[in-house]
Amino acid sequence: MFGLSKADTRLFLIVIGLTLFAPFILNPFPEGSELAQFNAGYPDLMQRFLIFGIFAIGFNILFGLTGYLSFGHAAFLGVGSYAGVWMFKLLGMNVLPAILLSMLVAGLFSVLVGYISLRRSGIYFSILTLAFAQMSFSLAYSVLTPITGGETGLQLSANDPRIFGQSITDAGTIPVPSLFGLEMRDSFQLDVGAWLFTFNAGYYLCAVFMVLAFYLSIRIFRSPFGMMLRAVKSNQQRMTYTGLNPKPYTLAAFVISGMYAGLAGGLMVAMDPLAGAERMFWTASGEVVLMAILGGVGTLIGPVLGAGFIKYMENIVSKINDNILHQWFSFLPDGLEDVVVAIIYPFIGKGWHLTLGIMFMLVVIFLPGGLVEGGQRIGGWIGRRFGKGGSSAEAAAKPDAKSSPAE
Amino acid sequence: MDAFILQILNGLDKGSAYALIALGLTLIFGTLGVVNFAHGALFMLGAFCAVVLSRILSIAHVTVDPTRTDFLGNPLKVSTPYVHEWFGPEAGQTLIEWSVPLAILFSIPIMVAVGFAMERGLIKYFYKRPHADQILVTFGLAIVLQEVIKYFFGANPIPTPAPDALVGSFDFGALLGFDPGTIIYPYWRLIYFMFAAAVIAAVFAFLQFTTFGMVVRAGMADRETVGLLGINIDRRFTIMFAIAACVAGMAGVMYTPINSPNYHMGMDFLVLSFVVVVVGGMGSLPGAVFAGFLLGVLESFASMPAITTVIPGINQVIIYLVAIVILLTRPRGLMGRKGVMEE
């Protein structure tokens, strides 16, 4: 189906299913229960899952396939956000032109950066992309303030022209982003017993883009073009000797992943029309590196999982404080409870970055294929251990491993 | 003319910090062939050594003085640092005041231990892995180290002043025959520059004039042959890693009075130091030092009002701009060795 192999179709349908039913899946605990704080099914966070998923998929097309480690990808996301907000300011509040222009501007910017940076490889490439991103960040903060809004960021105001829309609504407020009248923050809430599910228009717009982005990424991974990119990673010299010029392929991959970042930036402002320079800071680029690698670089689904994992930790796990921990462990004897809480507390709540750093190191050291590889290994182990015949379970696990090679 | 000299001086102290960190990075890259993204974190650990020492020295015990009362009328609680008791109030106070310079001695064993543990515990397994993996794992380590520091010391900068005697400023203009008051330069920055120069000289002398240094240089040039001669080069490279960590740590200790240490100061310096290293040439020690001072001075020149009015914003991007131009025109940096990381 869709021109995909059987295994890929299955993966693609799973992803479609997960994004479609995420408001249910991410809200497993009833309202008001003690575990409700682990519910991630609110629109703001679900949108972020998808947007950073798109960003990480794009980064994975560059790093996962070609092996070029870019430390400046956030610059494209930032440029895309600015372009999107300007579209809202000048044209009107429809999100489609804003998102398209975000992708276009980010794409053009990545042609420029990529053309120069790709003249070098390895660590030099990382440093060059880092230098470009830091330059964009500093300029956005200082000299380009008329375009970027400087430290306060770029915001909508009631004085914007908005040629095809209204500068200000009849109620006197600044209009909100919409898709042909469907406002992005519109939600439909469904009460089922103790559960409350929110279906948000903006989320489903992100979902459409994310599914398309994921589909394109599968096609790229399976195409002859993707094969060329893998060749760049495994042995560029040999590729040159066979008479192929790796440069256009890597540049194309760089621009595609830059446009993915631009799309993520565009969606970000479509959800919340505000853009700031801190989105371009190099730690933001580092974050997408973390996402892709934690999830499993070079695999299809890995970066999305990584993005979801990190955003979940950032928004949910970081909220846990020591009082909540004491509640959890109150069944233990007093002294032991304090000890357990004291041991666990540094790793969650405000210290979630520490857990993230440790996990990231463990993944880089032991699991080059990220969480996806970890899952496959555990799955394989369970299959061998508890499956009926060892050989049949292994055979079942193998095509799975092939469908998303951990390389 | 006086503005010119002032900018050179301003550039030198920033340049010394860049040069010290870049020197350590290059030592590690030149010996072990490892790209260490955690080097900024080592700089930060050094800075926190100073914080720890000043806290240790100020550990006090509280006694109640019944003859005096505080503003609520209760008996006044007097806290006396233990060092006051042991060495007498005056010597004790001096000790507390001079905690930053003393922290250099304090930091050396700590940083050597940290460097040793890091190399044996982690880096050693990454010799053969691609540079991208090395960058990633050390990047992860940097996050872990800075979060640990954040957990113990909080997120706010901790002011760590220089000794009172060294606070003030020095009228450099008067010395050179300009009008007094035109070139004012804080003492501590001057000390920082001289300290950096001394450390750099010591590292170079160590490599140039000792047998150990000779073996290390031979190992940098051709590791395999040195190994075949029956020399345990890995051991020596581990020691060099510890020395590099130590250099970064001392740079951090001395930087605390200039900028109050916080947990992410290392990351701020790391990016610039990497730019410095590639501009100087990967694996070239003189290149790292030269590029450090060069970029420091260029940065301070670019922030002169005369230049920012002509090209606005140039002071923000000059370092990166120079790096991009140099990387594209001179593939191995300013002073890189032929054949080392040229592709």
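Below, chain A is the first sequence line, B the second, and so on; all start at residue 1. Treat the numbers as computed from the prediction; the structure is a model and nothing was measured.
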Inter-residue atom distance A/I127.CD1 - B/I324.CD1, 0.5 Å rounding: 11.0 Å
Given heavy-atom pairs under 4.5 angstrom as the criterion, report whether the side chain, backbone, both or neither of B/L272 touches chain A. neither
Under 6.0 Å from the OH atom of B/Y127, do we count more than 12 heavy atoms belonging to anything else shown? yes
For A/Y141, which atoms come within 4.5 Å of any heavy atom of chain B: side chain, backbone, both, or neither? neither
Contact origin within A/V143 toward chain B - heavy atom pairs under 4.5 Å: side chain
Apply side chain to side chain contact (heavy atoms under 4.5 Å, CB included) to A/L290 and B/F139, showing your working. CA-CA 10 Å; A/L290 292 182; B/F139 180 56; 4.0 Å; yes
Identify which part of B/F126 has an atom lying under 4.5 Å from any heavy atom of chain A, answering side chain, backbone, both or neither. side chain
Which bit of A/L354 is near chain B, if near means a heavy-atom gap under 4.5 Å: side chain, backbone, both or neither? both
Determine which residues belonging to residues 305-318 of chain A lie within contact range of chain B, meaning some heavy atom pair is under 4.5 Å apart, and list them by number or answer 'none'. none
For A/I293, is it the side chain, the backbone, both, or neither that has a heavy atom closer than 4.5 Å to a heavy atom of chain B? side chain
Salt bridge (Lys or Arg N to Asp or Glu O under 4.0 Å): which pairs involve residues 129-142 of chain B, sequence neighbours left out? B/R129-B/D133
Which value, rounded to the nearest 0.5 Å, describes the distance between B/I319 atom CD1 and A/S138 atom OG? 10.0 Å
Between atom CG of B/L321 and atom CE of A/M135, what is the distance when rounded to the nearest 0.5 Å? 5.0 Å
For residues A/F360 and B/L136, report the shortest heavy-atom separation together with the two atoms involved. CE2-O, 3.0 Å
Is there a donor-acceptor pair closer than 3.5 Å between any side-chain N or O of A/R120 and the backbone N or O of B/L327? yes
Looking at CZ of A/R119 and OG1 of B/T329, how far apart are the two atoms once the value is rounded to the nearest 0.5 Å? 9.0 Å
Euclidean distance, A/S126 OG relative to B/F274 CZ, rounded to 0.5 Å: 9.5 Å
Note: vs chain A, highest number of non-hydrogen pairs under 4.5 angstrom among B/V275, B/I143, B/V271 is B/V271
Chi angles and distances behind the side chain to side chain contact (heavy atoms under 4.5 Å, CB included) call for B/E147, A/W352: CA-CA 9 Å; B/E147 287 302 314; A/W352 69 276; over 6 Å; no
Between CD1 of A/I123 and CE of B/M282, what distance do you get to the nearest 0.5 Å? 4.5 Å
With only heavy atoms counted, which part of A/L69 is less than 4.5 Å from chain B, the side chain, the backbone, both or neither? side chain
Applying side chain to side chain contact (heavy atoms under 4.5 Å, CB included), can you list everything that pairs with A/S117, at least two apart in sequence or on another chain? A/V113, A/F125, A/L128, A/T129, A/F132
Determine the minimum heavy-atom distance between B/V137 and A/M361, stating which atoms define it. O-CG, 3.8 Å
According to side chain to side chain contact (heavy atoms under 4.5 Å, CB included), who are the partners of A/A106, at least two apart in sequence or on a separate chain? A/F76
Which region of B/F37, side chain (C-beta onward) or backbone (N, CA, C, O), has a non-hydrogen atom less than 4.5 Å from a non-hydrogen atom of chain A, or is it both or neither? side chain
